[in-house]
Amino acid sequence: MNPTIEAFFTDKIVVEAAKRYGFIPEELILLGKNQNFTYGSKNKARNLIIRIIHESHRTLELIHGD
């Protein structure tokens with residue numbers, strides 16, 4: 001991962017993303033980081049994944065599929 005982009009992924013961003021999507025931040029396990037950060041979590045007996053990407057990698061239009 002580009003060190004400049006990696007520097008943007010602070011704990012604060014991970015905690016905010018977790019809260020927005022119903023994850024418990026302390027339960028997230030980093031699964032990988034390449035062009036994004038991917039975390040896993042077992043929530044209510046389900047295995048879940050959250051992927052966080054930097055805005056320089058995908059535009060809002062690409063995320064929405066417009």
Side-chain angles (χ1 to χ4, degrees):
M1 171 170 283
N2 180 323
T4 305
I5 292 175
E6 188 171 5
F8 287 113
F9 285 93
T10 64
D11 289 339
K12 183 178 178 180
I13 289 174
V14 174
V15 168
E16 179 63 28
K19 288 180 180 178
R20 286 185 187 200
Y21 293 97
F23 287 84
I24 298 169
E26 297 78 22
E27 293 181 357
L28 292 179
I29 300 165
L30 180 63
L31 300 175
K33 57 179 183 176
N34 186 10
Q35 295 182 13
N36 57 71
F37 281 73
T38 306
Y39 292 87
S41 177
K42 189 171 186 177
N43 186 329
K44 298 181 182 173
R46 297 183 303 162
N47 293 320
L48 301 170
I49 301 287
I50 184 171
R51 181 175 165 213
I52 306 169
I53 61 172
H54 189 266
E55 64 185 1
S56 66
H57 187 64
R58 294 278 191 266
T59 65
L60 188 57
E61 290 79 19
L62 284 173
I63 293 169
H64 285 160
D66 295 341

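We number each residue from 1, following the sequence as shown.
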Undergrad: What distance do Thr38 atom OG1 and Leu30 atom CG have between them, rounded to the nearest 0.5 Å?
TA: 8.0 Å
Undergrad: Check the pair Tyr39 / Ile29 against side-chain contact (heavy atoms from CB on, under 4.5 Å), numbers first and verdict last.
TA: CA-CA 5 Å; Tyr39 292 87; Ile29 300 165; 6.0 Å; no
Undergrad: After noting the C-alpha distance and the side-chain angles of Leu31 and Ile49, does the key distance pass the side-chain contact (heavy atoms from CB on, under 4.5 Å) rule?
TA: CA-CA 9 Å; Leu31 300 175; Ile49 301 287; 3.4 Å; yes
Undergrad: Rounded to the nearest 0.5 Å, what's the gap from CG on Leu28 to CG on Leu48? Could you check?
TA: 10.0 Å
Undergrad: Pairs under 3.5 angstrom only: tabulate donor-acceptor contacts from the side chains of residues 8-24 to other protein residues two or more places apart or in another chain.
TA:
from, atom 1, to, atom 2, distance (Å)
Thr10, OG1, Lys12, N, 3.4
Thr10, OG1, Ile13, N, 3.4
Glu16, OE2, Arg20, NE, 2.9

Undergrad: Could you measure the distance from the CG atom of Asn36 to the CD1 atom of Ile50? Nearest 0.5 Å is fine.
TA: 11.5 Å
